[in-house]
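Below is one structure, written out as structure tokens, with a few remarks after it.
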Amino acid sequence: MQRLPHQGRLFLSLWLVLVFFGDPLLEINTVRYLFLSRAVAEDRSFMVDRFAHSSKGDLAVSDGHYYSGSLPGIGLMLSPVAALAHGSRDTAPFRPNLWLQILSLILFNAPAAALSAVLLGQVLVAFGNTPSRSFLLAVTAVLGTHLFFFTSKLSDYPIVTLLELIIIRAVMSARVLERKSLLLLIGGSLGIIATVNNLPAALMVLLLLFMFPLRPGTEFIRRWFFIILGAAPCVIARSLYLKQCFGSALIDPLAYSAAKISVVDMAREGSVLARIIAEAPRALFDITFGPVGLFLFAPVFLLLLLPIIDRSQGQSALHVSWRKCILLLALLNALAHCLLIGGIWRGGASWGPRYMLYSSTLLFIPMAYFARGIRDRSLALLAAVSVFINWIGVQYGYNDSLLDELGLFLLGGPTTPAFKLMWLHWAIVPSPERIALVMEETPRIGHYYAFTHPTPVVLYATLALLLILVWLPICSRFLRRDRPL
């Protein structure tokens with residue numbers, strides 16, 4: 001059986017790139033994780049009252065106390081990192097929260113995304129794709145989609161993607177039916193996802209039901225017994241956390257946030273079925289062909305349309321069930337957020353349709369099958385365009401308009417988020433409140449930065465040198481190989 005080539009070098013290269021473009025700026029979507037991790041590490045508490053004075057975004061309020069506005073998984077997983085960062089120097093711009101975010105990107109986000117690429121490559125090879133094509137698609141899945149953007153910031157998407165791929169890789173194993181350890185691994189991964197976000201947990205349960213259908217018999221009972229057993233510790237921990245903080249093990253912290261609207265509230269506003277019929281078509285168009293759609297921000301997803309253009313594609317029994325399952329999960333992912341965001345969801349002030357990240361990486365599995373008739377050069381060109389677009393996004397931050405972001409890049413040239421923070425802090429905004437102004441990320445600051453900052457040539461040269469060192473043995477071996485004239 002073929003194997004994905006150079007897996008260690010692939011992991012290390014992606015880790016270097018993702019750390020290099022890590023964004024240390026704090027924002028509303030990151031403090032909910034950082035505050036909980038610091039509260040657990042420093043105060044041995046789930047209450048984040050001590051930190052809420054600096055930002056109340058995405059926080060929940062219960063009985064007069066502030067808590068994280070999301071499920072506790074990411075915050076609890078980051079608590080060891082918070083303990084490591086505790087006691088760091090409190091010198092602007094490197095405040096304790098910022099040190100914690102930097103360490104979290106290095107030790108948490110970047111390794112999770114890099115390992116996801118390795119696992120995706122293994123899955124693609126197992127489905128019969130060539131190792132070189134699997135390698136290319138695995139790199140593109142991380143650097144050529146908006147996963148690149150959200151890995152550069154502290155978010156739940158990298159770890160959820162990794163756990164989803166662990167589940168799929170385990171389910172694909174020929175020994176999954178015999179080995180208890182694989183079933184426990186599936187259950188454990190599912191349990192961790194359940195502590196992070198409800199939607200991907202539901203999607204993975206549906207995937208498992210699709211692959212392990214409900215059929216009476218001892219084999220069915222055995223499989224699901226060990227899956228449930230593996231998931232139980234994390235699910236119990238989640239329930240205890242919610243019970244202690246919000247008084248109910250079944251509540252969602254979003255229900256206690258003034259800035260959010262819960263699924264229950266949405267359901268009360270009208271018929272869910274009516275909302276799907278009336279609003280889903282528009283939402284689905286927006287997240288595919290719209291101004292913040294998948295096809296614009298990651299053109300590689302256009303390969304998913306190939307079956308519509310070429311109906312001569314043959315069928316493989318090995319792939320049909322997986323293709324149907326993953327495409328169905330992506331559709332349900334889109335419909336769920338169509339309901340959550342009131343039927344007008346375009347991804348928010350974001351970079352691409354962010355909430356599709358719970359299924360977009362999995363779409364590379366059917367995509368590889370649909371694109372098997374595409375020439376390697378054409379595939380590489382499409383992948384390069386996708387990587388270029390998301391490389392620009394990582395450098396210049398949130399933007400609903402790809403053209404605006406491209407304009408900033410043309411004005412300012414290459415940069416990095418960390419260099420942007422240091423340049424704005426020390427070179428442009430001289431007042432004592434300069435960090436607060438930098439954190440606002442206003443368009444004025446963004447354009448001013450694009451006009452004035454130098455390109456960090458030394459930083460890019462350092463990254464290039466490190467990547468050359470990683471791949472030098474492979475290049476040397478290729479150059480030494482005897483080739484016919």
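- With sequence neighbours excluded, the residues that form a ring pair (Phe, Tyr, Trp, His ring centres under 6.0 Å) with Tyr67 are Phe246.
- No donor-acceptor pair under 3.5 Å is formed between the side chain of Asp23 and the backbone N or O of Pro417.
- Residues Pro253 and Ala60 share a closest heavy-atom pair of O-CB, 3.7 Å.
- Here Asn197 contributes atom CG and Asp156 contributes atom CG; the two are 5.5 Å apart, rounded to the nearest 0.5 Å.
- Here the side chains of Phe51 and Asp43 are in contact, with some heavy-atom distance below 4.5 Å.
- Ile193 pairs in a side chain to side chain contact (heavy atoms under 4.5 Å, CB included) with only one of the listed residues (Leu199, Val205, Leu163, Leu203), which is Leu163.
- Closest of all the heavy-atom pairs between Pro366 and Arg323 is CB-CG, 4.0 Å.
- Closest approach of Met172 to Ala126, counting heavy atoms only: CE-CB, 3.5 Å.
- Shown here are the side-chain hydrogen bond (donor to acceptor under 3.5 Å, both in side chains) partners of Thr288, two or more places apart in sequence or in another chain: there are none.
- A 4.5 Å side-chain heavy-atom check between Val125 and Phe135 finds every atom pair outside the cut-off.
- Considering only heavy atoms from C-beta on, Leu84 stays 4.5 Å or farther from Leu100 through its side chain.
- Within the structure, the salt bridge (charged side-chain N to carboxylate O under 4.0 Å, His left out) test picks out the following pairs touching residues 131-142 (sequence neighbours left out): Arg133-Asp376.
- In this structure, Leu406 CG and Phe409 CZ are separated by 8.0 Å, a value rounded to the nearest 0.5 Å.
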Side-chain donor-acceptor contacts of residues 300-307 below 3.5 Å, not counting sequence neighbours, with atom names and distances?
none

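- Residues forming a ring pair (Phe, Tyr, Trp, His ring centres under 6.0 Å) with Phe295 (at least two apart in sequence, or on another chain): Phe289.
- Considering only heavy atoms from C-beta on, Leu357 stays 4.5 Å or farther from Val160 through its side chain.
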Show your reasoning for whether side chain to side chain contact (heavy atoms under 4.5 Å, CB included) applies to Ile374 and Leu382.
CA-CA 11 Å; Ile374 299 294; Leu382 196 57; over 6 Å; no
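- Just one residue in the list Tyr398, Phe21, Trp391, Tyr396 forms a ring-ring contact (aromatic ring centres under 6.0 Å, His included) with Phe149, and that residue is Tyr398.
- Every residue two or more places apart in sequence or in another chain that forms a side-chain contact (heavy atoms from CB on, under 4.5 Å) with Ser68 is listed here: Arg32, Leu36, Ser70, Tyr241.
- Side chain of Arg169 to main chain of Ile166: no donor-acceptor pair is present (N/O by atom type, distance under 3.5 Å, no hydrogens or angles).
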Go through the steps for Phe148 and Leu18 under the test side chain to side chain contact (heavy atoms under 4.5 Å, CB included), then give the verdict.
CA-CA 7 Å; Phe148 189 8; Leu18 294 169; 3.6 Å; yes
Full working for side chain to side chain contact (heavy atoms under 4.5 Å, CB included) between Val171 and Leu182:
CA-CA 8 Å; Val171 171; Leu182 285 177; over 6 Å; no
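- The two residues His146 and Ser360 come nearest to each other via the heavy atoms CE1-OG, 4.2 Å.
- Taking the side chain as every heavy atom from C-beta outward, Val123 and Phe364 never approach each other to under 4.5 Å.
- For Tyr157, the ring pair (Phe, Tyr, Trp, His ring centres under 6.0 Å) partners two or more places apart in sequence, or in a different chain, are Phe150, Tyr358.
- Note that CG of Leu190 and CE of Met204 are 8.5 Å apart. Values are rounded to the nearest 0.5 Å.
- Between Trp351 and Phe297, the ring center distance clears the sub-6.0 Å criterion.
- Residues Ile186 and Ile167 are in side-chain contact: their nearest non-hydrogen atoms beyond the backbone lie under 4.5 Å apart.
- Using a 4.5 Å cut-off on side-chain heavy atoms (C-beta onward), Phe46 and Leu76 make contact.
- Here the OG1 atom belonging to Thr361 is positioned 9.5 Å from the CE atom belonging to Met367, to the nearest 0.5 angstrom.
- Atom OG of residue Ser134 and atom CG of residue Asn129 lie 4.5 Å apart, to the nearest 0.5 angstrom.
- With sequence neighbours left out, Arg238 forms a salt bridge (Lys or Arg N to Asp or Glu O under 4.0 Å) with no residue at all.
- Here the side chain of Ser173 pairs no donor or acceptor atom with the backbone of Ala170 at under 3.5 angstrom.
- Between Leu363 and Ile326 there is a side-chain heavy-atom pair separated by less than 4.5 Å.
- Considering OG of Ser104 and CD1 of Ile74, their distance stands at 10.0 Å, rounded to 0.5 Å.
- Pro24 and Gly22 get closest at one heavy-atom pair: CD-O, 3.4 Å.
- Counting only residues at least two apart or in different chains, side-chain hydrogen bond (donor to acceptor under 3.5 Å, both in side chains) contacts with residues 461-471 comprise Ser13-Trp471.
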Give every donor-acceptor pair under 3.5 Å between a side-chain atom in residues 105-121 and any protein atom, sequence neighbours left out.
{"from": "Asn109", "atom 1": "ND2", "to": "Thr151", "atom 2": "O", "distance (Å)": "3.0"}
{"from": "Asn109", "atom 1": "ND2", "to": "Lys153", "atom 2": "O", "distance (Å)": "2.6"}
{"from": "Ser116", "atom 1": "OG", "to": "Ala112", "atom 2": "O", "distance (Å)": "2.8"}
{"from": "Ser116", "atom 1": "OG", "to": "Leu162", "atom 2": "N", "distance (Å)": "3.3"}

Start with the C-alpha gap between Ile392 and Leu402, add the side-chain angles, then the distance that decides, and say whether side chain to side chain contact (heavy atoms under 4.5 Å, CB included) holds.
CA-CA 9 Å; Ile392 293 175; Leu402 178 57; 5.9 Å; no
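- Scanning for ring pair (Phe, Tyr, Trp, His ring centres under 6.0 Å) contacts around Phe11 gives an empty result, with sequence neighbours left out.
- Here the shortest heavy-atom pairing between Gly144 and Asn390 reads O-ND2, 3.0 Å.
- The side-chain hydrogen bond (donor to acceptor under 3.5 Å, both in side chains) check on Thr140 picks up nothing, with sequence neighbours excluded.
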